There are 2 protein chains.
Amino acid sequence: MQPVLLDKAENIARTNEMLERAAKSEVDVLVLPELANSGYAFQSGLEVRLVAEEVPNSEFCQILKKWSLNDRMVIAGICEAYETSIYNSAVVFANGELRTIYRKVNLFNQEVEWFEPGRKEPPVVEFNNHHYGIMICFDWAFPEIARILALKDAQVILHPANLVLPYCQNAMITRCIENHIFAVTANRIGKERGLHFSGNSQIVSPKGEILCRLGENEVSIVYHDIDLEEADNKMITKRNHVLRDRTPELYERLVKRR
Amino acid sequence: MQPVLLDKAENIARTNEMLERAAKSEVDVLVLPELANSGYAFQSGLEVRLVAEEVPNSEFCQILKKWSLNDRMVIAGICEAYETSIYNSAVVFANGELRTIYRKVNLFNQEVEWFEPGRKEPPVVEFNNHHYGIMICFDWAFPEIARILALKDAQVILHPANLVLPYCQNAMITRCIENHIFAVTANRIGKERGLHFSGNSQIVSPKGEILCRLGENEVSIVYHDIDLEEADNKMITKRNHVLRDRTPELYERLVKRR
């Protein structure tokens, strides 16, 4: 979709339209982009505060919550106000309940001026006996994040994004292969104050196949039936398990502060 | 290049030819494929023992060592005999000296039948004030390995390979971007006992550009002038450093045995 910078009412209208289209297509798990309630290219802390919303009581959250009734799950990026802080978060609603808030760990470029970084391991949500890992946009650049989600038994990564660098869509293929996991990247389109977002929302399989992909400038719901159990078989060859073959005894350097 | 299974003499001849061609092209750092002295598709432990060689005294090592005189460095994959074990190793010679032996940590498929796995962190070698990280073939599938090399200040990954899966050449682009590092993958070509190797040896920049790439079935020396200092600037944006932005305090799960 294409959120509109600083226009909460319009973003609710556009989100509602996506929810309706998804419902018509019988989508049961829906991923919306990062900062879907607010737009992206802020220029002041005041702007950010004007559009930041509390979870789960804001109107934006309530339309997500309502949609999630009827055995559905939805994740959306939200500019979140919590106590005195603002976060770049993703909220997950399933069956009419708030299931998790993930606060983006890896803030991109100017985001560090507007948001507090999340300080918790990214979460995995259970829904209808399947396991959904959550990360946001620039988290893609840190293989540790997707790896942690896989080690927490996520079968698919739900990945709201507002991508401006050209690397992520291809990198997600590597994330899927190295973790034998699905990934759903929902990336916004359009321009804001000179920033161009790259669209190309996609669903990638554990073998790195692009199962479906939207255009660079396309507002639409793209969906695919996937069998999440495919992600449970971690054998990349008869003898190689992408997680059990790891050698954590050699990885101490990964957890040291430099 | 295309090593010949079980034919040590022929592999020395073919390696010599590559060394001569590289010298003529004024290559100063040369990467040869995995198991360049032995071929790959073994069918018995006896076969492996017949071609395994001791480092650094074997004739294969000696031709590498000799080539490395005159301010050059060479890395080659070798079927290595050490005490009572056999390893899938890479040897590095620079200026006429053995600089390191890396024993492949992540054995692929049937390799587990022939080789002991390496049990040490992959090494970084200094040569003319630059830092060269070493990994072999299937190590590509474990983002932890390239990450460790980057954390050890490698500016480039030297990567001998005998690839049969189709994923690696693309995945190395992600490895380069996520670590802002160069990578040189030297992959053999040809077929052995039904296994097809994918060639496409390549040099990739820290921005994920393919600086040069050989064909799928091409025996050749491909080379490129690269400025290794480019890899020292780890800023992917004005505010994002691909290594310092890591959050090791969230990565404890990466070093736990499951």
Side-chain angles (χ1 to χ4, degrees), chain A residues 105-113 117-122 138 140-153 164-168 170-180 207-208 236-240 242-258, chain B residues 105-113 117-122 138 140-153 164-168 170-180 207-208 236-240 242-258:
Chain A
V105 168
N106 295 290
L107 296 174
F108 181 76
N109 213 351
Q110 280 182 300
E111 294 172 31
V112 300
E113 296 183 25
R119 302 189 194 280
K120 289 188 183 164
E121 198 182 55
F138 191 51
W140 73 263
F142 299 84
E144 293 88 350
I145 299 291
R147 187 64 114 191
I148 285 167
L149 293 173
L151 289 169
K152 291 173 84 167
D153 295 324
V164 293
L165 295 180
Y167 309 128
C168 172
N170 184 54
M172 290 308 292
I173 294 173
T174 303
R175 298 284 169 265
C176 288
I177 292 167
E178 71 201 14
N179 294 298
H180 216 266
K207 290 180 178 156
I236 193 168
T237 74
K238 278 185 195 169
R239 294 174 183 78
N240 293 105
V242 296
L243 298 183
R244 280 202 299 263
D245 283 5
R246 298 172 68 251
T247 50
E249 65 278 13
L250 302 182
Y251 296 167
E252 280 304 319
R253 196 178 293 270
L254 298 180
V255 292
K256 279 184 198 148
R257 269 271 159 221
R258 294 181 103 197
Chain B
V105 168
N106 295 290
L107 297 174
F108 180 75
N109 214 350
Q110 280 182 300
E111 294 172 32
V112 300
E113 296 183 24
R119 302 188 193 281
K120 290 188 183 165
E121 198 182 54
F138 190 52
W140 73 262
F142 299 84
E144 294 89 350
I145 299 292
R147 187 64 115 190
I148 285 167
L149 293 173
L151 289 169
K152 292 173 82 167
D153 295 325
V164 293
L165 296 180
Y167 309 127
C168 172
N170 185 55
M172 290 309 292
I173 295 172
T174 304
R175 297 285 170 264
C176 289
I177 293 167
E178 70 202 13
N179 294 298
H180 216 267
K207 288 181 179 155
I236 194 168
T237 74
K238 278 185 196 168
R239 294 174 183 78
N240 293 105
V242 295
L243 298 183
R244 280 203 298 265
D245 283 6
R246 299 172 68 251
T247 50
E249 67 278 13
L250 302 182
Y251 296 167
E252 281 303 319
R253 196 178 293 270
L254 298 180
V255 291
K256 278 185 200 149
R257 268 270 159 222
R258 294 182 102 196

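Please read these numbers as outputs of a predicted model, since none were measured by experiment. Excluded from the calculations below are hydrogen atoms, water molecules and symmetry mates; all remaining heavy atoms, backbone and side chain alike, are included. Here is how names work: the chains are called A, B, and so on, in the same order as the sequence lines, proteins then strands, and each is numbered from 1.
Taking 4.0 Å as the cut-off between side-chain N and carboxylate O, A:Arg239 and B:Glu111 do not count as a salt-bridged pair. For the pair A:Arg119 and B:Glu249, the salt-bridge criterion is not met [side-chain N within less than 4.0 Å of a carboxylate O].
Distance NZ/B:Lys152 to CZ/A:Arg253: 5.0 Å, rounded to 0.5 Å.
Annotation: maximal heavy-atom pairing with chain B below 4.5 Å, among A:Leu107, A:Ile148, A:Asn179, occurs at A:Ile148. For the set B:Lys120, B:Glu178, B:Glu144, B:Lys207, the count of heavy-atom pairs under 4.5 angstrom toward chain A peaks at B:Glu144. In terms of heavy-atom pairs under 4.5 Å with chain A, the best-connected choice from B:Thr247, B:Asn170, B:Asn106 is B:Asn170.
With a 4.5 Å cut-off on non-hydrogen atoms, A:Leu165 touches chain B through its side chain but not through its backbone. Looking at B:Ile173, only its side chain comes within 4.5 Å of chain A, counting heavy atoms on both sides. Heavy atoms closer than 4.5 Å to chain B are found in both the backbone and the side chain of A:Val255. The parts of A:Phe108 that come within reach of chain B are both its backbone and its side chain, each placing non-hydrogen atoms under 4.5 angstrom from that chain. Only the side chain of A:Ile177 comes within contact range of chain B, with at least one heavy atom under 4.5 Å from a heavy atom of that chain. Interface remark: A:Ala171 contributes backbone and side-chain atoms alike to the contact with chain B (heavy atom separation under 4.5 Å). Interface remark: A:Asn109 contributes backbone and side-chain atoms alike to the contact with chain B (heavy atom separation under 4.5 Å).
Put simply, the side chain of B:Asn240 reaches to within 4.5 Å of the side chain of A:Phe138, judged on heavy atoms. Contact check for B:Thr174 versus A:Arg175: side-chain heavy atoms found under the 4.5 Å cut-off. Looking only at side-chain heavy atoms (C-beta outward), A:Tyr251 and B:Lys256 stay at 4.5 Å or farther from each other.
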Report task. Give the C-alpha distance, both sets of side-chain angles, the deciding distance and a yes or no for side chain to side chain contact (heavy atoms under 4.5 Å, CB included) between A:Gln110 and B:Thr237. Result -> CA-CA 9 Å; A:Gln110 280 182 300; B:Thr237 74; over 6 Å; no
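Judged by distance alone, with hydrogens and angles left aside, the side-chain atoms of B:Arg246 form a donor-acceptor pair with the main-chain N or O of A:Leu254 at under 3.5 Å.
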